[in-house]
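Quick notes on the structure that follows.
Values below: all heavy atoms of this structure, side chains included; hydrogens, waters and symmetry mates excluded. For ligands, and for the atoms within them, numbers begin at 1 and follow the listed sequence. From a predicted model like this one, the values you see are computed outputs, not experimental measurements.
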Amino acid sequence: ALEKRIQDLEARQQQYPEVKFLTYKDRKRILVTGGAGFVGSHLVDRLMLQGHEVIVADNFFTGRKRNIEHWIGHENFELINHDIVNPLFIEVDQIYHLASPASPPHYMYNPVKTIKVNSIGTINMLGLARRVRAQLLFASTSEVYGDPEVHPQTESYFGNVNSFGPRACYDESKRVAEAMCYAYAQQEHISIRIARIFNTYGPRMHMNDGRVVSNFVLQALQNESITIYGNGKQTRSFQYVSDLVDGLLALMNSNYSMPMNLGNPDEYTIENFAIKIKELVGSTAALEYHDAVVDDPKQRRPDITLAKSWLNWAPKISLNDGLNKTIEYFHNELRVKHHSERN
Ligand code: NAD
Ligand code: UDP
């Protein structure tokens with residue numbers, strides 16, 4: 001098992017050649033809530049490789065143990081099966097607060113719970129930050145801009161969110177969580193960071209996530225119809241997960257405490273995005289147009305001027321490269337699934 005862990009580590013080191021290893025005095029105790037999920041597990045990999053002590057708190061609602069199983073047993077790693085709607089009493093230096101369902105089908109599955117996770121859950125994490133004087137980064141979202149009338153979206157835009165629709169449980173609870181961070185920063189002098197994350201994709205996305213990248217790639221790979229909601233003229237801009245991880249680390253370790261967009265400004269209509277995925281997969285799947293979803297934002301693209309100037313950060317991975325890695329991942333997942341169904 002030890003040999004396997006060393007091999008895994010070496011493989012991961014090759015994957016992240018730019019990782020800086022830490023001297024003992026720079027090592028921190030870092031809590032990642034939602035660390036067994038898609039983004040969280042990639043962040044955990046990077047923090048572990050840097051040599052930090054990492055504690056993951058996750059209730060496995062959408063996260064999976066296999067996303068982080070390569071760290072289980074490592075002396076710097078701890079996994080706590082914990083629902084953040086309940087308080088957590090531990091000692092840490094930094095908190096990356098990512099726990100929350102993220103895809104529309106997942107956050108609409110139990111809207112009341114989604115609101116609790118982002119409101120009560122965030123209060124709990126801010127309370128922890130206050131008690132142990134830890135720094136907290138909150139994973140906010142481009143959904144705080146709602147169906148935006150300003151394009152591209154800058155951090156100074158207040159947004160156009162419906163407080164009463166099916167997306168409200170997510171959008172409004174992320175907004176109140178931002179407000180809570182601000183209130184704790186002002187009143188309790190907590191050091192906070194707010195990352196407004198735009199659509200992110202990559203390996204370890206959940207197969208049944210229901211988001212556009214996993215849906216389209218899986219449909220293309222299986223030559224099933226590609227399900228376009230509405231006329232497909234709505235736009236999104238997609239960032240690869242390693243770029244987001246770079247941005248989250250840079251933001252946490254910066255001295256910027258206002259909200260900051262992290263996303264890739266490369267914008268596509270959903271229809272063109274479907275065609276691109278079909279081409280990369282080499283699929284003959286047909287495009288199938290379904291009813292539009294309620295309150296679906298019509299356009300979305302981040303203005304990342306702020307991240308460029310404050311963090312010297314910009315996405316590095318092109319859509320083609322990122323999609324090819326993601327396609328390879330889902331291709332493999334399908335093979336594993338078919339294999340286990342046969343046996
Ligand atoms: P994900 O569903 O893969 O990960 C979320 C993780 O949080 C999962 O491991 C889940 O089990 C855990 N979780 C959910 N409720 C919990 C609870 N009550 N207690 C403890 N753990 C809980 O989603 P993701 O794409 O990795 O998103 C991570 C964060 O980034 C979320 O806060 C999401 O809102 C935010 N975000 C993601 C995107 C994106 O495109 N992926 C865009 C904007 C914002
Ligand atoms: N979408 C689609 N077909 C799908 C899944 C999503 O056309 O099978 C569209 C969806 O209506 C939205 C865009 O793709 O306009 C992005 O959806 P996703 O759920 O990935 O994320 P969102 O940005 O809406 O949170």
- Under-4.0 Å heavy-atom contact with ligand 1, by part of R211 that carries it: side chain
- Under 3.5 Å between some N or O of ligand 2 and some N or O of Q219? no
- Query: Which heavy atom of the protein is the closest neighbour of atom 18 (P) of ligand 2, given with residue, atom name and distance?
  - Reply: V212 N, 3.8 Å
- Query: Any heavy atom of R204 sitting closer than 4.0 Å to ligand 1?
  - Reply: no
- Message: Below 4.0 Å from ligand 2: does a non-hydrogen atom of R300 turn up there or not?
- Response: yes
- atom 11 (O) of ligand 1: the protein heavy-atom neighbour that sits closest, reported with distance to 0.1 Å: D58 OD1, 2.7 Å
- Determine whether any heavy atom of S140 lies closer than 4.0 Å to an atom of ligand 1. yes
- Heavy-atom nearest neighbour in the protein, as seen from atom 21 (O) of ligand 2, with distance rounded to 0.1 Å: N199 ND2, 3.6 Å
- Atom OH of Y109 with >12 non-hydrogen neighbours under 6.0 angstrom: no
- Note on the structure: heavy-atom search around atom 18 (N) of ligand 1 in the protein gives D83 OD1, 2.9 Å
- Message: Here's a test for you: under side chain to side chain contact (heavy atoms under 4.5 Å, CB included), which of L136, V132, V56, L128 qualifies with L31?
- Response: L128
- Item | Which residue and heavy atom of the protein sit nearest atom 1 (P) of ligand 1, plus the separation | T62 OG1, 3.6 Å
- Of all the heavy atoms in A36, does at least one lie under 4.0 Å from an atom in ligand 1? yes
- Query: Taking everything shown except N312 itself, do over 12 heavy atoms lie less than 6.0 Å from its CG?
  - Reply: no
- Minimum-distance protein heavy atom relative to atom 36 (N) of ligand 1: Y170 OH, 4.0 Å
- Below 4.5 Å, heavy atoms only, C-beta onward: do P302 and S237 meet side chain to side chain? yes
- Could you tell me whether K316 and D321 make a salt bridge, using a distance below 4.0 angstrom between a side-chain N and a carboxylate O? no
- Item | Per atom 5 (C) of ligand 1, closest listed option by heavy atom (S142, S100, G263, G63) | S100
- Item | Within-shell test, K174 vs ligand 1, heavy atom, strictly < 4.0 Å | yes
- Item | Shortest protein heavy-atom distance from atom 1 (N) of ligand 2, along with the residue and atom involved | Y229 CD1, 3.5 Å
- Could you find the nearest protein heavy atom to atom 4 (O) of ligand 1 and give me its residue, atom name and distance? G37 CA, 3.6 Å
- Message: With a 4.0 Å cut-off on N to O distance, would you call K65 and D58 a salt bridge?
- Response: no
